[in-house]
Visitor: 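Can you read through this structure? Questions will come right after.
From a predicted model like this one, the values you see are computed outputs, not experimental measurements.
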Amino acid sequence: SLEVFRFAASDSVIAPRGLYAKHDGMALCIDVCGGESSNAQGSAACSNVITGGADGRVVRWDLERCQAVEDVKAHAAPVVRVAAAHTHPALFATCSQNDRSLLWDMRASHTHPCTALPVATLGTAADFSPDDCLIALGSATGNVSVHDLRALSQATVSYSQGETIVSRVAFAKHRPSLLASCGESVLLHVVDISSNSVVHSKTSSAVECTARGLSWSSGGVLRSCGLNYPVTSLKL
């Protein structure tokens, strides 16, 4: 199920807004869609989110209309990661435990909605660049690759952050050439993909210390968090 909360304008209190059930089992991942959505009053900022479930399905939700607008049986195994594009709510990527990672374009003009993404081993992370021209992919073997959406087969940049699972990849909003990744034992790894140079790297040998979340602010602050790993901030 998907539970939605609204933040109060005056303070940090959040109020439940709705609970939506669509997946046959647990929802395992979520991302916020970008772009604009259309309605009777014209175009407005998109209020869509996308979820991936243990049932192999991907659901796109319109939170204003409180309903699912897309429901796709995307994979034969659980969907472990969804990544939504910044410019259009119908463009997204999925990673699954069946070793398949897919790029989806659900706009009506596309007769073949999905394309296989070139991840050699189990895909575990994905993110679009702010202009949606590039997609970054992370794998279970610690590899990170960046691909031009117009020529997916050949990576423009590829590197290894280690030999453990990549949990997240994230392009910087303020400086799109910066790509952050994290995972098991590799708490934070930042690369400038324009020069393929490491900007920052932090590792840990602690047992069960895993970074699971990454988020860039528009001002260049990178926040990370995880299992046995507190929320940390880094200004780049």
Side-chain angles (χ1 to χ4, degrees), residues 2-9 11-14 17 27-35 45-52 60-61 63 79-89 91-95 101 123-139 142 144-146 157 159 161-162 164-193 198-204 209-236:
L2 169 69
E3 189 166 8
V4 180
F5 295 85
R6 183 185 293 278
F7 281 85
D11 51 37
S12 60
V13 175
I14 53 178
R17 183 179 173 193
L28 300 177
C29 48
I30 187 171
D31 201 8
V32 178
C33 300
C46 185
S47 61
N48 288 187
V49 298
I50 186 169
T51 57
R60 182 160 61 94
W61 308 80
L63 301 184
V79 178
V80 295
R81 188 72 63 225
V82 291
H86 305 283
T87 57
H88 200 287
L91 181 64
F92 55 91
T94 59
C95 300
S101 296
T124 54
D127 190 43
F128 290 87
S129 62
D131 60 3
D132 290 334
C133 289
L134 304 173
I135 187 169
L137 304 171
S139 76
V144 176
S145 59
V146 179
V157 176
Y159 58 90
Q161 72 161 31
T164 56
I165 294 174
V166 179
S167 299
R168 293 278 180 173
V169 289
F171 283 99
K173 296 180 176 69
H174 72 298
R175 190 176 157 194
S177 65
L178 293 183
L179 177 63
S181 61
C182 66
E184 294 181 6
S185 72
V186 180
L187 302 183
L188 191 60
H189 193 76
V190 183
V191 170
D192 188 330
I193 61 173
V198 177
V199 176
H200 179 85
S201 186
K202 181 180 180 181
T203 61
S204 174
C209 189
T210 303
R212 295 282 179 84
L214 288 176
S215 177
W216 288 94
S217 73
S218 57
V221 176
L222 175 61
R223 293 181 174 88
S224 57
C225 62
L227 182 66
N228 293 332
Y229 175 51
V231 176
T232 60
S233 299
L234 176 68
K235 181 72 167 69
L236 291 171

Visitor: The test is side-chain contact (heavy atoms from CB on, under 4.5 Å); show your working for D132 and H88 and say whether it passes.
Guide: CA-CA 9 Å; D132 290 334; H88 200 287; 5.9 Å; no
Visitor: Got a second to check how far S129's OG is from I135's CD1, nearest 0.5 Å?
Guide: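 The distance works out to 9.0 Å.
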Visitor: Applying side-chain contact (heavy atoms from CB on, under 4.5 Å), run through F92 and N48 and close with a yes or a no.
Guide: CA-CA 12 Å; F92 55 91; N48 288 187; over 6 Å; no
Visitor: Between D127, V169, L134, which is the residue that forms a side-chain contact (heavy atoms from CB on, under 4.5 Å) with V146?
Guide: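 Exactly one option meets the side-chain contact (heavy atoms from CB on, under 4.5 Å) with V146, and it is L134.
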Visitor: Does L236 form a side-chain contact (heavy atoms from CB on, under 4.5 Å) with W216? I'd like the steps, not just the answer.
Guide: CA-CA 10 Å; L236 291 171; W216 288 94; 3.7 Å; yes
Visitor: How far apart are the closest heavy atoms of V32 and A84, and which atoms are they?
Guide: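 Of all heavy-atom pairs spanning V32 and A84, the closest is O-CB, 3.5 Å.
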Visitor: Hey, could you give me each pair passing salt bridge (charged side-chain N to carboxylate O under 4.0 Å, His left out) that has a residue in residues 172-183? Not counting sequence neighbours.
Guide: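 Listed by first then second residue: R175-D192.
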Visitor: Can you tell which of L178, L214, I193 makes a side-chain contact (heavy atoms from CB on, under 4.5 Å) with F171?
Guide: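 Filter result, single survivor: I193.
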Visitor: On a heavy-atom basis, which atom in A125 and which in S167 lie closest, and how many Å separate them?
Guide: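 Between these two residues, the closest heavy atoms are CB-O, 3.7 Å.
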Visitor: The criterion is side chain to side chain donor-acceptor pair (under 3.5 Å); which residues satisfy it with S181, sequence neighbours excluded?
Guide: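 S181 satisfies side chain to side chain donor-acceptor pair (under 3.5 Å) with Q161 only.
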Visitor: Does the side chain of H189 come under 3.5 Å of the side chain of S201 through a donor N or O and an acceptor N or O?
Guide: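 Short answer, yes.
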Visitor: Identify the heavy atoms of D131 and T87 that sit nearest to each other, and give their distance.
Guide: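 Closest heavy-atom pair between D131 and T87: O-CG2, 4.5 Å.
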Visitor: Can you measure from NZ (K202) to CG (L234) and round to the nearest 0.5 angstrom?
Guide: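 Taking NZ in K202 and CG in L234, the distance rounds to 9.0 Å.
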Visitor: Please report the interatomic distance CG(L188) to CZ(R168), rounded to the nearest 0.5 Å.
Guide: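 The distance works out to 14.0 Å.
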Visitor: Please collect all salt bridge (charged side-chain N to carboxylate O under 4.0 Å, His left out) contacts where either partner lies in residues 212-236, sequence neighbours excluded, each pair once.
Guide: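 Not a single pair qualifies under salt bridge (charged side-chain N to carboxylate O under 4.0 Å, His left out).
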Visitor: Please walk me through it: do T124 and C95 pass side-chain contact (heavy atoms from CB on, under 4.5 Å)?
Guide: CA-CA 6 Å; T124 54; C95 300; 6.0 Å; no
Visitor: State, to 0.1 Å, how close S233 and V221 come at their nearest heavy-atom pair, and which atoms those are.
Guide: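 Shortest heavy-atom separation between S233 and V221 comes out as CB-CG1, 4.1 Å.
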